[in-house]
Protein chains: 2
Amino acid sequence: MSDVTVTIYDVAREANVSMATVSRVVNGNPNVKPATRKKVMAVIERLEYRPNAVARGLASKKTTTVGVIIPDISNIFYAELARGIEDIATMYNYTIILSNSDQREEKELKLIENMYGKQVDGIVMMSDSLTPAISTALQRSSVPVVLAGTVDETKKIPSVNIDYLQAAFEAVQTLLTNGHKRIAFVSGPFSSTINRHFKLEGYKKALTEAGLPIDDELIIEADDSYESGLENSKQLLSLTEPPTAIFAGNDELGIGLIHGALDENFSIPNDIEIISFENSKLARMVRPQLSSVVVPLYDIGAVSMRLLTKFMNKETIDETTVVLPHRIEERQSTK
Amino acid sequence: MSDVTVTIYDVAREANVSMATVSRVVNGNPNVKPATRKKVMAVIERLEYRPNAVARGLASKKTTTVGVIIPDISNIFYAELARGIEDIATMYNYTIILSNSDQREEKELKLIENMYGKQVDGIVMMSDSLTPAISTALQRSSVPVVLAGTVDETKKIPSVNIDYLQAAFEAVQTLLTNGHKRIAFVSGPFSSTINRHFKLEGYKKALTEAGLPIDDELIIEADDSYESGLENSKQLLSLTEPPTAIFAGNDELGIGLIHGALDENFSIPNDIEIISFENSKLARMVRPQLSSVVVPLYDIGAVSMRLLTKFMNKETIDETTVVLPHRIEERQSTK
DNA sequence: TTGAAAGCGCTAACAT
DNA sequence: ATGTTAGCGCTTTCAA
């Protein structure tokens, strides 16, 4: 357990060069004679010298670290985003600081402050809804910020998303095309911007364009859980005039809805058609398999991080509000 | 976008005290006259001074940052562990650096090196199998390391786990108790220490103690996926002498097994009983619901991090190889 | 209770 | 191509 720290100075001394030269070698600066480089490398090897990133960060004012704020890493939706973020970060030699916010403004604020304190070079933020305070904090940031799968309605902060409204519209249209007149929307919390302002609006738009009325009885604000889908399924189907199709806000809800309908002896997709929004691997892990709007979670994360690297490199950026394509994957819960 | 960095020196000047005093105030050192503290605090507030953690890290040789190496954050099993780790880290004011290893030794080694470079105060490592090289690298570490849900058979590295062998033994015993004579084991990859040395051995032990033969035909090395469960289910059930019960290495496999059996018109649990190992929320999201060994993932993560904080504080530690309790949750896939 | 000053290990002008 | 030298912003003796 060798606990003596070998510094750049030790290497310089042993190699009979200056610290600057060692620094150049370590950082791949071309202005070093090959022979010198070789000599220095040998000493680095021998002494097992490893650069101290903290010292480097202090001197260079770059930490090659980015902060990632995520509502909940144990949520499959965000975990998938995080994976995309991390992969690209690694590719560009950035390290990630990851913190869960539990979607609490106070905690988000604290995390942002903390990350500034740690001198991150940039931040990727995920949140169901950006409060004014958070939005302000982010805009004041001295380092670039990118929102991943998170909407800033003012469009002042760079972000990567899909067109949720259009995607929801298409999902409901799919149901409409199959002849349904009573289509329910079981949503995650409306405290989420995407749920309230996009999925719900897309749903309404599709119905309206089809000349159908908006029936509040068919719009349900649930939480994001399987159990919630289960309960709401049973409740919806016990209505005097039950829906014949349901648009689910996410996969867990969708699966709950399926099982709930099955429990009540409805047949899917014959009696009830269901389409969800997410397309995590869960969609395939249920019988009948769940039709779903494909949200490219990994890609949203990856593209966000890529965009952030561009900002950190001060590259010129054409579009700061990126909209990725989506599609609908029809499986067995729709005809 | 105020980009002027306020330093401890600025605060000192404005407050007419020395940097040392400001440092004391910031770090809650009691040796400061209340009046002075108040004065300094006011200036900190006014200038919006935020300590630079990088400079602090360089000076104090502590970064209050811990490295977390995880095979894959988008895997629900590890995501749950990570959540436990992160929560406790936050509680003790540590920040987390998170990296995915994809279970590749070369990448694991690189990540370990990189984390040392970033001067982490400790490391939480997760891995399906600790290669000798990794084990060596970890034991040489100048900072404490704790393994979370990861077995070091030499017991030289502190770790937090459950008794996987005993848990597997009990799972198979449950099946045995229900009268089964032909019980299959569909496992995740045997490259994983836990699968090969504990779940498999527990399975064998239970059969052997019951006076039953070990039939290689009934031991299947699958991968960890749902699809794999699906395929292997069909294959097992088409055997001349098919099993009447299956022990699944994890929930995804278990669900695949259930659906595969259902597809072949077997009834569960009447024709086939299935019990899995993990008990993620997936176990409840399938019909029939999956009976499973409860692995306290969140707790394993949380306890690992707690243990690490003790090491980092140089507290005396009674037990470095922690074994958490497990239990079996019987649902509808067993009688 | 407070201050002065020496680093922590490295980068980045600036010289040579 | 290489060396010299000032910091980066903070903590931490050591004195007072």
Side-chain angles (χ1 to χ4, degrees), chain A residues 3-41 43-44 47-65 93 114 116-121 142-143, chain B residues 3-41 43-44 47-65 113-114 116-121 142-143:
Chain A
D3 214 359
V4 281
T5 45
V6 179
T7 73
I8 200 171
Y9 176 77
D10 299 318
V11 177
R13 181 172 30 74
E14 293 288 310
N16 282 311
V17 296
S18 70
M19 286 165 55
T21 297
V22 179
S23 176
R24 288 189 188 98
V25 170
V26 169
N27 293 295
N29 185 317
N31 290 350
V32 180
K33 195 162 56 175
T36 313
R37 178 183 307 279
K38 202 175 161 189
K39 182 173 62 175
V40 172
M41 292 291 261
V43 176
I44 286 178
L47 300 188
E48 294 191 333
Y49 167 71
R50 299 286 171 267
N52 180 325
V54 173
R56 183 186 295 203
L58 183 59
S60 69
K61 301 193 171 248
K62 284 177 182 310
T63 55
T64 60
T65 297
N93 268 95
N114 186 39
Y116 290 159
K118 295 263 177 178
Q119 313 300 118
V120 296
D121 295 339
S142 53
V143 297
Chain B
D3 213 359
V4 282
T5 44
V6 179
T7 73
I8 200 172
Y9 176 78
D10 299 318
V11 176
R13 181 171 32 75
E14 292 288 310
N16 281 312
V17 296
S18 70
M19 287 165 55
T21 298
V22 178
S23 176
R24 289 187 187 101
V25 170
V26 169
N27 294 297
N29 185 317
N31 289 349
V32 180
K33 197 161 58 173
T36 313
R37 177 183 307 280
K38 202 175 162 191
K39 182 173 62 177
V40 172
M41 291 291 261
V43 175
I44 286 177
L47 300 188
E48 294 191 332
Y49 167 70
R50 298 285 171 269
N52 180 326
V54 173
R56 184 186 296 204
L58 183 58
S60 69
K61 300 190 172 248
K62 284 178 183 306
T63 55
T64 59
T65 297
E113 281 300 322
N114 186 38
Y116 290 159
K118 295 261 177 180
Q119 312 301 119
V120 296
D121 294 339
S142 53
V143 296

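Letters A, B, ... are given to chains in the order of the sequence lines, protein chains preceding strands, and every chain is numbered from 1.
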Would you kindly give the [atom1]-to-[atom2] distance between [X] and [N], to the nearest whole Å?
| X | N | atom1 | atom2 | value |
| --- | --- | --- | --- | --- |
| I8(B) | dC8(C) | CD1 | P | 18 Å |
| R56(A) | dC10(C) | CZ | P | 8 Å |
| N52(B) | dT11(D) | CG | P | 10 Å |
| M19(B) | dA6(C) | CE | C1' | 11 Å |
| Y9(A) | dG3(D) | OH | C1' | 13 Å |
| Q119(B) | dC10(D) | CD | P | 18 Å |
| R13(B) | dG9(D) | CZ | P | 13 Å |
| I44(B) | dC10(D) | CD1 | P | 10 Å |

Any side-chain donor near an acceptor of the partner, T21(B) and K33(B), under 3.5 Å: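 Looking only at side-chain atoms, K33(B) and T21(B) do not form any donor-acceptor pair under 3.5 Å.
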How long is the gap from [atom1] on [X] to [atom2] on [Y], to the nearest 0.5 Å?
| X | Y | atom1 | atom2 | answer |
| --- | --- | --- | --- | --- |
| T63(B) | R56(B) | OG1 | CZ | 11.5 Å |
| S18(B) | R13(B) | OG | CZ | 14.0 Å |
| T36(A) | K39(A) | OG1 | NZ | 5.5 Å |

Sugar-phosphate, base or nothing in reach of T21(B), heavy atoms under 4.0 Å: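 Answer is sugar-phosphate: T21(B) comes under 4.0 Å of backbone atoms only.
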Within residues 27-41 of chain A: residues closer than 4.0 Å to DNA chain C (heavy atoms): N27(A)
Stretch residues 57-64 of chain B: residues that reach within less than 4.0 Å of DNA chain C through a heavy atom: L58(B), A59(B), K61(B)
Minimum-distance nucleotide (side-chain atoms of A20(B) versus dA4(C), dG9(C), dG9(D)):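 Among the listed nucleotides, the one closest to the side chain of A20(B) is dA4(C).
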Check: N27(A) side chain, N29(A) main-chain N or O, donor-acceptor pair, under 3.5 Å: no
Under 3.5 Å: donor-acceptor pair, side chain of D121(A), backbone of K62(A):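 Here the side-chain-to-backbone pair does not exist.
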Distance test, side-chain N/O of S18(B) to OP1/OP2 of dA4(C), below 4.0 Å: no
Contact under 4.0 Å: T7(B) side-chain N or O vs dG9(D) OP1/OP2: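 No, because none of the side-chain N or O atoms of T7(B) sits under 4.0 Å from OP1 or OP2 of dG9(D).
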Heteroatom pairs (N/O) under 3.5 angstrom, protein to nucleotides 14-16 of chain D:
none

Heavy-atom closest pair, residues D10(B) and T5(B): OD2-O, 3.7 Å
Intermediate values then yes/no, side chain to side chain contact (heavy atoms under 4.5 Å, CB included), Y116(A) and V143(A): CA-CA 8 Å; Y116(A) 290 159; V143(A) 297; 4.0 Å; yes
Side-chain heavy-atom pair E14(B), V40(B) within 4.5 angstrom cut-off: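 No. Closest side-chain heavy atoms not under 4.5 Å.
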